[in-house]
Amino acid sequence: MTFWKPGTIAPGKYTCISAIRINVDREAERESNETIVTFADRQSTLSIQQQRQILPIYKSRNQLLYLVEKYQVTIVVGQTGSGKTTQLPQYLHEAGWTAGQRVVACTQPRRVAATTVAQRVAIEMNVQLGQEVGYSIRFEECYDVKKTRIKYMTDGMLFRETLIDPLLSQYSVIMIDEAHERSLHTDILFGLLKKIMKKRPELRVIISSATLDAEAFYDFFNINTTDDTSKDNVSIISIEGRMFPVDIHYLEEPCSDYIEKAIETVMDIHLKEGTGDILVFLTGREQIDSAVEEIANRAMNLPRSAMKLDALPIYAGLPAEQQLLIFESPGYNTRKVIVATNIAEASITIEGISYVIDCGFVKLRAYNPKTGMESLVVVPVSKSSAQQRAGRAGRLKPGKAYRLYTEDLFRQLPDASIPEMQRTNLAQVVLQLKALGVDNILRFDFLTAPPAQMMIRALELLYSLKALDDNGKLTVPLGVQLAEFPVDPMLGKILLDSPRFGCCTEILIIAAMISVQNVFIMPSNATAKAESERRNFAVEEGDHLTLLNVYTAFTTRGQKSARWCHDHFLNFRALSRAFSIRSQLLKFLKRFNIPLESCGNDTVKIRKCLVSGYFANAAKMMPDGSFRTIRDNATLHIHPSSVLFTRNAPYVIFHEVVETTKAFMRDLTVIDPAWLSELAPHFYEFKK
DNA sequence: GAGCACTGC
């Protein structure tokens, strides 16, 4: 595992954040690690060119170049470690695809992947990062408009570029990497690229995927309607990977309690199997914390002859300093057990894992278009997910994977998870497609179309926000500006409406804070202390103003320091990110000529402004303490993380609903119901 | 009355 070294790649202004960011994933990262190892051991070092030539993909170099030349779309199926991400763009560059100021783009679903791959390729090409090879991710642009020939970027960034240059005219080849993950932006790009290729027949597209959805990609891009397959405009090529074999073990009988089974399996491996660390996949924080505690308990009763056992949790909500513990070497005669959420499936890679335990479930977001509610549900993993999890045991040497379900059950699992496009709120996507001139959203060419009802729900919301007119066209300037904003439309609306209430300064901070997660740290062993720290920031008006307080304290008293955050049980990473988001949103507001006024301590103005965007999310308290939405009388509850959880609040607006054990409202603010009829008369007709 | 998978602009 490598870490960002401040001063080496140091992207952007926020070196302090980069320095603690963990380095991740896949062949890109694997290769960059190997470089570090070989540089350290000069005697056995292969030259960089020799290293490139022993990669599995090297054997297919000429064939790949031939296919890209001949076919508009090439689908590259390659397992982890094939080298496709780092090599393919270089081959294209060497073969002349970047001549004449043209650029080869390669998208990644995650920021860190884009930066680490670009760094590795710059080393291989012996150029300075940001010159011939660059990257583009949110808040960090590291490329030269004139010089950069190979550009790695997040898929979201390439999508942004389509809003400025709809034909993506500077690119000769666009490679969509990790397409099997089916991220929202990757899926939108599929549809857009298909359109662009009709207008730019010379454009080449490469779809790279680790699994077997290649057929679906093929059918989507193939425009040959005849039976003569020689006229197809799409080709597929498969590249071997460079993984070590992983033995898969299944249960003979299904188990009823996979947490207990996981713990037993850990203890079993520890006593019976050879060296190597253990990675356990569970679904959420609560399960992970309790499993870690239980493993630690049982580890105390190990026989004296046995190695020690060190159990550590990892999930996204954990503060960075605790996340980093999993990369530390476990100490003499000790085996590490890392208990993880899905974060360890693709986002974080831990070296030294020889054993994987897969509970067979994952927590996923689902969206109910009928109610507009999102829920977090635990569902069985897909086959490709299970495969990816198992693969985590075979990175450096052969490993073993223990699936806590039967082989028969495995066969019944779906091949792939439901794409994000089909389980998310589409308001922002619809708005952006409208901005791209896709008037009939329902007829847009999706790889897999979201349910029509989800699109209709999104259109209704946009209409009620006045982002769309009666004909479904973007309104000017509101709809057009909302489409450009990198926030969801309701949040964008309160930013653009803030001048009416003279509270732009405050709304800007609230919008940035709402956009980040896990601001408050709640360690399971110091809950009371953390709660009391949080209460110091809490105000009776609700969570939005509490978040405003936290941010103000962070930038003034706290001087944006990690130490101060730690002392007050606040997540430094989250607050630093809010700081970046605030700066970015401010640039948009300036461009839109929105005056940056402060309303001082007038919370009524701020709360009214919130209502102007969130009027649809209003609820009324019932005598039993539960809530009913004003719009359709649905039952909701206050999330325990809200500062209003223990207070009386007759009327509230909320940022979102997350359904877990109940339907919980998150991020609430107390309002006066009269504001609803005042600010959203088109939405509410009150009977008195 | 009691709880927050993971990304991304």
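Below, chains carry the letters A, B, ... as their sequence lines are ordered, and counting in each starts from 1.
- Contact annotation: A:Lys662 reaches the phosphate of B:dA2 (side-chain N/O to OP1 or OP2, under 4.0 Å).
- At the phosphate of B:dG3, neither OP1 nor OP2 sits under 4.0 Å from any side-chain N or O atom of A:Arg666.
- Looking at heavy-atom distances under 4.0 Å, A:Thr661 makes contact with sugar-phosphate atoms alone, never a base.
- With B:dA5, B:dT7, B:dG8 as the choices, the nucleotide that has an atom nearest any side-chain atom of A:Arg111 turns out to be B:dG8.
- Between A:Glu345 atom CD and B:dA5 atom C1' the separation is 11 Å, expressed in whole Å.
- Toward the 5' end of DNA chain B, the nearer of the two residues A:Gln584 and A:Ala316, judged by each one's closest nucleotide, is A:Ala316.
- When heavy atoms are screened at a 4.0 angstrom cut-off, A:Phe159 is found touching no nucleic acid atom at all.
- Distances from the side chain of A:Gln428 to the nucleotides B:dA5, B:dG3, B:dC9 place B:dC9 closest.
- The shortest distance between the side-chain N/O atoms of A:Ser641 and the OP1/OP2 oxygens of B:dG3 is not below 4.0 Å.
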TODO: Tell me, with the steps shown, if A:Glu141 and A:Lys151 meet salt bridge (Lys or Arg N to Asp or Glu O under 4.0 Å).
DONE: CA-CA 10 Å; A:Glu141 299 207 318; A:Lys151 190 161 146 196; over 6 Å; no
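- We find that CZ of A:Arg389 is positioned 12 Å from P of B:dC6, with the value rounded to whole Å.
- A:Ile343 comes within 4.0 angstrom of the backbone, heavy atoms only, and of no base.
- A:Phe664 comes within contact range of the sugar-phosphate backbone alone, with a heavy-atom separation under 4.0 Å but no base atom that close.
- Checking the phosphate oxygens (OP1, OP2) of B:dC9, a side-chain nitrogen or oxygen of A:Thr154 falls inside 4.0 Å.
- Of the residues listed (A:Thr154, A:Asp155, A:Thr107), the one engaging A:Ser183 in a side chain to side chain donor-acceptor pair (under 3.5 Å) is A:Asp155, and it is the only one.
- A cation-pi arrangement is present between A:Arg389 and A:Phe281, with the terminal nitrogen or guanidinium carbon under 6.0 Å from the aromatic centre and inside a 45° cone about the axis.
- Ionic pairing of A:Lys261 and A:Asp257 is not present here: no N-O contact between side-chain nitrogen and carboxylate oxygen is shorter than 4.0 angstrom.
- For A:His185, the listed nucleotide lying nearest its side chain is B:dG8; candidates were B:dG8, B:dG3, B:dC6.
- Both the sub-6.0 Å distance and the 45° axial angle are satisfied by A:Arg403 relative to the ring of A:Phe410.
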